[in-house]
Amino acid sequence: MSEPDPSETLFERIIAREIPADIVHETSTTLAFRDISPQAATHVLVVPKTRYRNVGELAAADPELLADVIATAHRVAELDGLVDGGYRVVFNTGADAGQTVFHVHAHVLGGEQLGFFGRYGDESGAG
Ligand code: 5GP
C-alpha cells in the first residue's frame with residue numbers, strides 16, 4: 001500500500017495528537033490550534049474533527065458542523081481578546097485560493113490591523 005499524501009492527513013494527525021500543535025480550544029466536534037506560520041498576531045486554524053475537503057463540501061453535507069466551526073472561531077476570538085478590535089475568518093477553497101491542506105479549516109486572523117487581500121501580489125486592494 002502506498003504512503004498517505006501528507007496534505008490529506010496532516011490535520012487528522014493533529015486531531016489524533018500524533019503531531020504536536022499549540023491547541024487553543026477544543027469542543028466535541030472541532031479543534032482550534034495556532035498556525036505554524038502565523039500571518040497575523042493571532043492566526044488560529046479551526047477544523048472539524050470529521051474530515052471534509054473544503055467548506056463547500058462541509059456546508060452541503062453537515063451545515064450544523066459548519067456552524068460549530070464558526071462558533072469555535074468566534075470563541076477563539078474571544079479567548080485571544082479579538083472581539084472588540086475585530087477579526088477575519090477565511091476558508092481558502094481550492095488551488096486559486098492557495099488551499100494546501102484538504103481538510104477544511106477556518107483561518108482566524110486578528111490582533112492587529114489586517115491588510116487587504118485578493119489578487120495575487122496586489123496589496124492595494126484595488127480592482
Ligand atoms: P491553507 O493554505 O490550506 O488554507 O492553510 C493551511 C495552513 O496550515 C497554512 O496556513 C500552514 O501554515 C498551516 N500548517 C501547515 N502545516 C502545519 C502544521 O504542521 N502545524 C500547524 N499548526 N499548521 C500547519
Side-chain angles (χ1 to χ4, degrees):
M1 205 158 93
S2 61
E3 286 295 308
D5 176 349
S7 70
E8 298 280 301
T9 60
L10 176 64
F11 291 168
E12 285 94 319
R13 295 185 67 197
I14 288 175
I15 292 163
R17 303 325 200 248
E18 293 169 8
I19 295 176
D22 184 357
I23 293 169
V24 295
H25 190 59
E26 183 170 18
T27 70
S28 59
T29 57
T30 66
L31 188 71
F33 50 92
R34 296 197 189 279
D35 196 291
I36 203 167
S37 177
Q39 303 300 309
T42 287
H43 187 174
V44 171
L45 304 174
V46 179
V47 299
K49 290 181 177 175
T50 301
R51 176 170 170 245
Y52 295 94
R53 284 179 61 81
N54 59 54
V55 69
E57 287 190 11
L58 171 59
D62 194 341
E64 197 174 321
L65 183 56
L66 174 56
D68 289 351
V69 170
I70 299 295
T72 296
H74 183 70
R75 183 69 188 130
V76 167
E78 288 177 336
L79 291 170
D80 265 25
L82 309 182
V83 173
D84 287 346
Y87 62 96
R88 183 175 292 159
V89 179
V90 175
F91 291 92
N92 290 330
T93 307
D96 276 0
Q99 184 179 7
T100 58
V101 180
F102 291 90
H103 178 137
V104 57
H105 49 282
H107 296 256
V108 182
L109 299 151
E112 62 184 302
Q113 182 64 56
L114 300 174
F116 291 108
F117 64 100
R119 183 166 293 132
Y120 187 74
D122 182 355
E123 288 294 307
S124 71

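Just so it is clear, the values below take in all heavy atoms, side chains as well, and ignore hydrogens, waters and symmetry mates. Computed from a predicted structure; not experimentally measured. Numbering of ligands and ligand atoms starts at 1, following listing order.
- Ligand 1 has an N or O atom lying under 3.5 Å from an N or O atom of H107, backbone or side chain.
- The closest approach between any non-hydrogen atom of G98 and ligand 1 is below 4.0 Å.
- No donor-acceptor contact under 3.5 angstrom links the side chains of H103 and Y52, judged on distance only.
- Distances between N or O atoms of L10 and those of ligand 1 include no value under 3.5 Å.
- Of all atoms in ligand 1, numbered sequentially from 1 with element shown, those under 4.0 Å from a heavy atom of S37 are 12 (O).
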Derivation and outcome, side chain to side chain contact (heavy atoms under 4.5 Å, CB included), residues E57 and N54: CA-CA 6 Å; E57 287 190 11; N54 59 54; 3.7 Å; yes
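- Side chains of D80 and T42: a donor on one and an acceptor on the other come within 3.5 Å.
- Close contacts of ligand 1 with N92, meaning ligand atoms under 4.0 Å from a residue heavy atom, involve 4 (O).
- Residues I15 and V47 have side chains in contact (heavy-atom distance under 4.5 Å, counting atoms from C-beta outward).
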For E26 and K49, what are the C-alpha separation, side-chain angles and deciding distance, and is it a salt bridge (charged side-chain N to carboxylate O under 4.0 Å, His left out)? CA-CA 10 Å; E26 183 170 18; K49 290 181 177 175; 2.7 Å; yes
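- The closest heavy-atom contact to atom 22 (N) of ligand 1, among the options Q99, R34, H103, H105, comes from R34.
- Judged by distance alone, the side chains of D68 and T29 do bring a donor and an acceptor atom under 3.5 Å apart.
- Closest to atom 3 (O) of ligand 1 among all protein heavy atoms lies T100 N, 2.7 Å.
- A 6.0 Å sphere centred on CD of Q113 holds no more than 12 heavy atoms belonging to other residues, nucleotides or ligands.
- Looking at F11 against ligand 1, only its side chain comes within 4.0 Å, counting heavy atoms.
- Note: no N/O pair closer than 3.5 Å links H43 and ligand 1 by distance alone.
- The heavy atom nearest to atom 23 (N) of ligand 1, considering only D22, T93, I36, is found in I36.
- Taking every heavy atom of F33 and a limit of under 4.0 angstrom, the matching atoms of ligand 1 come to 22 (N).
- Closest to atom 13 (C) of ligand 1 among all protein heavy atoms lies D35 OD2, 3.4 Å.
- The N/O atoms of A21, backbone and side chain alike, include none that comes under 3.5 Å of an N/O atom in ligand 1.
- Residues R53 and V104 are not in side-chain contact: their nearest non-hydrogen atoms beyond the backbone lie 4.5 Å or more apart.
- Between F33 and F11, the ring planes lie perpendicular to each other; the angle is over 60°, past the 30° to 60° tilted range.
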